[in-house]
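Side chains are part of it too, since the values below use all heavy atoms of this structure and drop only hydrogens, waters and symmetry mates. Start at 1 and go down the list; that is how both ligands and their atoms are numbered.
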Amino acid sequence: MALASTFLSLYIFLFAYIFTGFACADPDSLYQRQDDGLLTSPPDYPSPWADPEANGWEQAYAQARDFVSQLTLLEKVNLTTGVGWMSERCVGNTGSIPRLGLRGLCLQDGPLGMRFTDYNSAFPAGVVAGATWSRHLWHDRGRMMGEEQYGKGSDVLLGPASGPIGRAPTGGRNWEGFSVDPYHSGVAMAQVVRGIQGAGVIATAKHFVANEQEHFRQAPEAVGYGFNITESLSSNLDDKTLHELYAWPFQDAVRAGVGSIMCSYNQINNSYGCQNSKLLNGILKDEYGFQGFVMSDWQAQHAGAASAAAGLDMSMPGDTVFNTGYSFWGGNLTLGVINGTVPEWRIDDMALRIMAAFFKVGRTVGGQPDINFSSWTRETLGYIHPMAQENLERVNFQVDVRGNHANHIRESAAKGSVILKNNGVLPLSSPKFVVVIGEDAGGNPAGPNGCPDRNCDNGTLAMAWGSGTAQFPYLVTPDQALQRQALEDGTRYESILANNQWTAVQNILREPNTTTIVFADADSGEGFIDVDGNRGDRRNLTLWKDGDALIKNVSSLTSNVIVVLHTVGPVLLTEWYDNPNITAIVWAGVPGQESGNSLTDILYGRRSPGRSPFTWGRTRESYGADLLYEPNNGEGAPQQDFSEGVFIDYRHFDRETAADPENTPIYEFGYGLSWSTFEYSNLQVAKRNVRPYQPTTGNTISAPVFGAPVDPDLSQYTFPPGIRYIYRFIYPYLNTSSSGEDASGDPEYGQEADQFLPPGAIDGSPQPRHPAGGQPGGNPQLWDVLYTVTATITNTGDRMTDEVPQLYISHGGDGEPVRVLRGFDRIERIAPGESVQFRADLTRHDLSNWDVVSQNWVITDDEKTVWVGSSSRNLPLAAPLR
Ligand SMILES: *[C@@H]1O[C@H](CO)[C@@H](O)[C@H](O)[C@H]1NC(C)=O
Ligand SMILES: *[C@@H]1O[C@H](CO)[C@@H](O)[C@H](O)[C@H]1NC(C)=O
Ligand SMILES: *[C@@H]1O[C@H](CO)[C@@H](O)[C@H](O)[C@H]1NC(C)=O
Ligand SMILES: *[C@@H]1O[C@H](CO)[C@@H](O)[C@H](O)[C@H]1NC(C)=O
Ligand SMILES: *[C@@H]1O[C@H](CO)[C@@H](O)[C@H](O)[C@H]1NC(C)=O
Ligand SMILES: *[C@@H]1O[C@H](CO)[C@@H](O)[C@H](O)[C@H]1NC(C)=O
Ligand SMILES: *[C@@H]1O[C@H](CO)[C@@H](O)[C@H](O)[C@H]1NC(C)=O
Ligand SMILES: *[C@@H]1O[C@H](CO)[C@@H](O)[C@H](O)[C@H]1NC(C)=O
Ligand SMILES: *[C@@H]1O[C@H](CO)[C@@H](O)[C@H](O)[C@H]1NC(C)=O
Ligand SMILES: *[C@@H]1O[C@H](CO)[C@@H](O)[C@H](O)[C@H]1NC(C)=O
């Protein structure tokens with residue numbers, strides 16, 4: 001296991017790190033004690049308990065209440081704590097409740113397919129799905145991924161992602177999400193969540209929040225690559241930016257009923273993501289009304305009772321650090337509850353939230369299907385407890401869960417390809433002689449899965465690297481699919497699948513009648529892997545493997561060059577995009593298993609292309625925001641100030657152009673050519689009558705407790721006789737029955753709660769409801785439709801194709817973006833001469849700004865404008881919103 005060994009090498013350091021760092025149990029006092037001017041995060045307690053009347057959760061809550069009421073403390077703790085890294089077959093496994101027939105929950109990566117198994121599908125990356133701008137494809141994506149996990153026995157799918165959102169284009173994991181725009185990402189998140197959960201699997205919206213770079217995301221990992229820092233990076237951002245940009249898609253996921261949210265590795269305002277009470281208690285659970293459970297990213301938990309008080313509900317993978325055999329929770333949490341350090345209502349709420357999510361997606365206790373794969377071997381036999389190497393038996397049943405998903409994958413990757421330039425060469429039609437050039441068109445010599453977690457960039461790029469990967473069931477390379485097409489058409493075909501065969505290239509390009517297709521790529525991934533000096537994040541925005549030189553050389557020799565780019569995000573096209581010999585540029589993204597077929601469908605015009613989910617700038621600097629590659633706070637947490645506020649990607653470029661009209665990107669957000677031309681006309685804005693916005697008032701119920709009161713007799717909680725102890729396994733039991741501290745080995749537990757937990761943390765009395773809250777997704781009136789906007793779109797060309805009308809608004813006022821996306825649709829198969837209606841509803845949320853004083857959404861008095869058009873810069877229709 002590449003992943004395991006990477007972490008094992010950090011183990012020694014981590015061990016010391018956790019135990020010295022742990023004395024500061026209170027996440028808020030940690031920074032409040034700082035007098036060095038670093039940003040802090042305000043305390044927000046108590047942790048909100050689930051609401052029996054939350055929309056869409058009523059039945060799940062009742063089922064969960066009935067179930068949790070039967071549980072003992074040890075059983076409740078078992079639900080909240082993973083059994084340890086590689087202790088069982090999934091990447092995350094909770095404890096079980098054998099007495100009632102609940103097996104431990106199986107949690108499995110990831111956002112583009114099911115990781116660490118076989119006979120699964122490899123979908124296009126999120127950024128390609130995003131580029132389709134298609135709600136129904138997003139829903140199908142979720143449903144199919146849910147079906148695949150369901151069929152292997154997984155209960156929780158660790159996706160979709162919208163964090164990182166893509167603050168800087170070099171961010172290593174940007175491709176896992178859908179786009180750099182929060183509105184677009186939010187719609188996609190909600191659709192994928194509905195799809196996954198409709199298939200009976202809990203979805204996980206991740207990573208909450210501001211997890212915008214890989215460098216320094218975990219201090220121990222950074223030590224492993226040579227930086228001596230003691231705390232992880234802090235993303236420092238203001239409340240308005242949080243609400244209007246980074247947290248926005250999560251609000252949509254909560255409204256869609258997402259069962260789980262994963263908190264992130266990084267700190268936010270110098271408080272760790274998995275113990276930041278302002279974010280977990282204040283924003284997710286109180287303001288957004290999130291009713292499911294918050295799980296930690298793997299090793300992102302840094303405290304025991306303090307993280308429970310701050311709103312964490314599930315510890316993953318359960319051990320403090322991979323394979324220590326110790327846990328911040330497990331027995332520690334059991335003792336914490338017995339001693340009153342953690343209120344009983346808090347452990348009950350954790351268990352209730354986990355089980356409510358479980359019932360919400362239709363799962364039943366006793367009805368869970370068996371897990372029929374193991375993450376840790378592809379062989380048939382394996383250990384049920386791989387870390388302990390115990391129970392060798394059949395673990396892999398090679399169940400084929402792919403169904404007919406290949407059709408969707410092929411369609412989605414085609415419809416998510418973006419045609420950036422086309423001088424009329426596309427679509428191809430039985431060309432005389434196709435010459436394909438570039439390593440990126442062919443296979444990896446080691447096979448499609450030859451590099452673990454895709455930790456190389458060999459052959460065509462169809463998946464980037466890290467935990468957000470899946471094994472390819474096969475990979476159709478561009479070379480294979482283009483050659484098959486050529487054979488069908490009687491086209492002559494030659495491919496040179498290397499970037500350094502210069503003599504051969506020169507010779508072939510002397511021949512007449514060539515249609516040359518040049519391939520190049522740029523990769524990135526997760527920070528535990530370094531590929532060619534790219535520690536997760538990209539170190540530059542240029543093409544890899546001398547791709548730019550290849551394109552420039554080829555286009556200097558011949559006059560019909562189509563450039564195909566497989567990249568995780570924008571690359572700099574500046575030096576060659578306007579060469580007239582380059583007749584077309586196609587961004588094919590990170591397309592998954594059907595790569596070549598999808599590409600061929602686009603190049604030959606069988607499918608309609610997508611629209612760019614990010615801006616293509618002229619220089620790296622032109623993006624404004626960038627990542628932090630060197631620590632800037634000595635050995636303390638590197639400080640990443642999001643001082644650009646909401647001005648990332650197109651909002652930044654639009655502001656630059658407003659100041660200097662010459663300052664433009666090459667291709668803007670939302671841009672993409674199609675097979676036809678469209679005329680936009682007849683913009684209509686209909687104002688709806690809705691009642692004025694009422695902040696939510698009133699109080700919650702008091703914190704409920706479920707089942708029998710906790711028995712203070714410690715002897716009840718020790719390791720039961722007759723169970724075999726599994727090496728390094730995390731259990732809910734106490735070490736001894738002697739005293740609090742000895743029983744857990746943790747000085748934190750056993751102290752009086754009010755000695756170190758923040759004020760209010762143990763208060764279970766009714767709490768005022770958040771004015772912007774009230775229901776999952778926030779105050780229900782945020783979703784009132786204030787305007788309905790329509791426009792007519794006419795196909796004025798001669799080919800049937802899809803169009804992606806986009807609606808932008810300006811909020812008006814100083815310091816606001818020129819415009820922001822607030823509506824879109826992908827209208828399919830519009831015939832030549834046909835007119836269709838584009839329609840979009842604008843909600844109160846869409847028109848509001850976050851007001852930091854009233855802590856609510858407010859529609860300002862500033863004049864607002866609506867635009868409709870085909871990209872963020874091609875907006876022929878405009879009207880005031882009055
Ligand atoms: C971070 O600090 C800024 C500036 O004080 C504040 O506006 C924001 O609410 C804080 N956010 C969190 C999550 O603590
Ligand atoms: C907790 O979970 C473990 C692992 O599944 C199991 O062995 C143990 O029996 C469970 N404990 C209780 C009290 O249910
Ligand atoms: C997985 O396959 C095994 C063996 O065929 C079967 O017992 C189990 O029910 C299957 N699990 C699911 C989720 O279908
Ligand atoms: C790393 O930082 C720690 C804590 O300040 C210090 O004790 C140690 O000497 C440093 N190690 C290196 C290699 O600089
Ligand atoms: C409890 O947590 C502490 C770290 O805070 C750890 O040292 C100890 O081993 C844990 N106890 C158990 C039983 O996991
Ligand atoms: C594959 O990638 C690795 C790591 O990026 C590189 O060192 C190696 O040379 C590549 N192998 C081939 C055959 O291209
Ligand atoms: C092929 O090239 C020759 C020589 O330039 C030219 O006469 C002929 O028209 C070309 N054929 C096609 C189909 O482009
Ligand atoms: C950018 O990074 C890639 C991948 O590591 C590398 O191949 C390329 O040479 C770098 N470009 C420049 C200009 O250094
Ligand atoms: C375009 O290709 C022709 C050969 O067909 C070459 O002579 C010319 O220099 C190229 N132009 C550019 C701008 O590279
Ligand atoms: C924790 O609770 C147990 C059981 O009530 C008790 O024996 C022990 O002394 C307590 N520890 C502390 C430090 O209060």
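With E75 contributing its side chain and T72 its backbone, the two residues share a donor-acceptor pair below 3.5 Å. Counting only distance, with no hydrogens or angles, the side chain of R346 and the backbone of A308 share a donor-acceptor pair below 3.5 Å. A donor-acceptor pair under 3.5 Å is absent between the side-chain atoms of D348 and the main chain of S69, judged by distance alone.
If you number the atoms of ligand 9 from 1 as listed, the ones under 4.0 Å from a heavy atom of L557 come out as 4 (C), 5 (O). For ligand 9, the atoms closer than 4.0 angstrom to any heavy atom of S559 are 5 (O).
For the pair K432 and ligand 7, the shortest N or O to N or O distance does not fall below 3.5 Å.
Looking at residues two or more places apart in sequence or on another chain, you find a ring-ring contact (aromatic ring centres under 6.0 Å, His included) between Y731 and F719, Y725, F729, Y733.
A cation-pi contact, defined as under 6.0 Å to the ring centre and within 45° of the axis, is absent between R363 and F359.
Residue pairs meeting the salt bridge (charged side-chain N to carboxylate O under 4.0 Å, His left out) criterion with at least one member in residues 366-380, sequence neighbours excluded, are D118-R378.
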Output block, N or O contacts of ligand 2, threshold 3.5 Å exclusive:
residue  : atom   : partner : partner atom : Å
ligand 2 : 2 (O)  : N78     : OD1          : 3.3
ligand 2 : 2 (O)  : N78     : ND2          : 2.3
ligand 2 : 2 (O)  : S96     : N            : 3.0
ligand 2 : 5 (O)  : S96     : N            : 3.2
ligand 2 : 5 (O)  : S96     : OG           : 2.6
ligand 2 : 11 (N) : N78     : ND2          : 2.9
ligand 2 : 11 (N) : Y733    : OH           : 3.1
ligand 2 : 14 (O) : S96     : O            : 3.4

List the atom pairs, donor and acceptor, that lie under 3.5 Å between side-chain atoms in residues 419-428 and the rest of the protein, sequence neighbours left out.
residue : atom : partner : partner atom : Å
K421    : NZ   : Y577    : O            : 2.6
K421    : NZ   : N579    : O            : 3.1
K421    : NZ   : I582    : O            : 2.9
N422    : OD1  : G424    : N            : 2.9
N422    : OD1  : V425    : N            : 3.2
N422    : OD1  : L426    : N            : 3.0
N422    : ND2  : L426    : O            : 3.0

